[in-house]
Asks: 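Handing you this structure, nothing more for now.
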Amino acid sequence: VGCNRCYAYLHKSEFYRHRCKFGERSKGRVVKNKALLLPPPNGMMPNVWKLINGMNDGDIKLIARNDLIITKFAAKLLQKHTFQQREYMRAKIREIARFLQQMRRRHGQMSLQDCLRPCQFRNVIAAVKSLAGYDEETGAYEKPSLALKVGHSLKKCARIMKTESILNMDKSAVEDADRFFELCEM
């Protein structure tokens, strides 16, 4: 994390000790605000970087920041909503990132693009049920609305994957996205 006055780069766990020679001591969420001084990675829009960087530090934030489809999903949310609705957008991003985390727990390291293949559809259903707290005995969900929200977001991500695949001229990925979307619609 960098100091915005003297431009010193420090580890975030050591930043509280920093005494800048050029200004008074900062108050509030200093490390979170300083992280916004770092440039966004190549190919990521600054607004998307700002949106994702504003999330709480943890595994979910890392998953969201490092997955291409999730960052494209965040960009689509930013096109549709104003930045004042950032907490709503962050909630949508967290839902998808938590889904991907659940898939990784069950099936190893994978990206969201790997999850959006027709061969993974049963695994996706199982991960969404697990995420929403499905009880096999009663046939009820602890959080039924979460299952619906994740399902709608996955369909949007399948459309994003199709768009990216068309732009990259990857016919097999286009077909995979189409088939996954059709499975979601059934």
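Residues: numbered from 1 along the sequence shown.
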Asks: Check A64 against I52 and note the closest heavy-atom contact, atom names and distance.
Replies: O-CD1, 3.9 Å
Asks: Which class fits the ring pair H81 and Y88: parallel under 30°, tilted 30 to 60°, perpendicular over 60°?
Replies: perpendicular
Asks: Nearest heavy-atom pair of K61 and N56: which atoms, and what distance?
Replies: CB-O, 3.4 Å
Asks: For the pair R179 and E182, find out whether any cationic side-chain nitrogen is under 4.0 Å from an anionic carboxylate oxygen.
Replies: no
Asks: Keeping R117 on the side-chain end and F180 on the backbone end, is there a donor-acceptor pair under 3.5 Å?
Replies: no
Asks: Return the set of residues passing side chain to side chain contact (heavy atoms under 4.5 Å, CB included) with D135 (not counting sequence neighbours), or none when no residue passes.
Replies: E137, T138
Asks: Pairs under 3.5 angstrom only: tabulate donor-acceptor contacts from the side chains of residues 119-132 to other protein residues two or more places apart or in another chain.
Replies:
| from | atom 1 | to | atom 2 | distance (Å) |
| --- | --- | --- | --- | --- |
| Q120 | OE1 | N123 | ND2 | 2.9 |
| S130 | OG | Q102 | NE2 | 2.8 |

Asks: Within a radius of less than 6.0 Å around NZ of K162, do more than 12 heavy atoms belonging to other residues, nucleotides or ligands occur?
Replies: no
Asks: Name the residue from I160, T163, T71 that meets the side-chain contact (heavy atoms from CB on, under 4.5 Å) definition with K76.
Replies: I160
Asks: Distance check, rounded to the nearest 0.5 Å: D176 atom CG versus Q113 atom CD?
Replies: 9.0 Å
Asks: Side-chain contact test, heavy atoms from C-beta onward, threshold under 4.5 Å: evaluate it for K80 versus L77 and give yes or no.
Replies: no
Asks: Is the NZ atom of K155 crowded by more than 12 outside heavy atoms at less than 6.0 Å?
Replies: yes
Asks: Nearest 0.5 Å please: distance from the CG atom of N47 over to the CD atom of Q79.
Replies: 11.0 Å
Asks: Flag yes if V174 and L68 sit in one hydrophobic cluster, no otherwise; membership is Ile, Leu, Val, Met, Phe, Trp, Tyr, and two members link when side-chain heavy atoms are under 4.5 Å apart.
Replies: no
Asks: A173 and M161: which non-hydrogen atoms are nearest, and at how many Å?
Replies: O-CE, 3.7 Å
Asks: Nearest 0.5 angstrom please: I63 CD1 to Q101 CD, how far?
Replies: 4.5 Å
Asks: Taking all atoms of both residues into account, what is the closest heavy-atom pair of E87 and R90, and its distance?
Replies: OE2-NH1, 2.8 Å
Asks: Locate the shortest heavy-atom distance separating L100 from S111; write the atom from each residue and the value.
Replies: CD1-C, 3.8 Å
Asks: Could you grab the distance from atom CZ of R104 to atom CG of D114, nearest 0.5 Å is fine?
Replies: 9.0 Å
Asks: Just by modelled atom types, is the E164 backbone N or O under 3.5 Å from a matching donor or acceptor in the N168 side chain?
Replies: yes
Asks: First locate atom CG of L62, then atom CE of M55, and finally report the distance between them rounded to the nearest 0.5 Å.
Replies: 10.0 Å
Asks: Evaluate the criterion side-chain contact (heavy atoms from CB on, under 4.5 Å) for residue pair M103 and L112; output intermediate values, then yes/no.
Replies: CA-CA 9 Å; M103 284 292 289; L112 191 58; over 6 Å; no
Asks: Compare every heavy atom of L116 with every heavy atom of A158, then report the nearest pair and how far apart it is.
Replies: N-CD1, 3.8 Å
Asks: Report yes if some heavy atom in the side chain of L154 is under 4.5 Å from a heavy atom in the side chain of I96; otherwise report no.
Replies: yes
Asks: Any link between F181 and F99 through a network of hydrophobic side chains (Ile, Leu, Val, Met, Phe, Trp, Tyr) touching at under 4.5 Å?
Replies: no
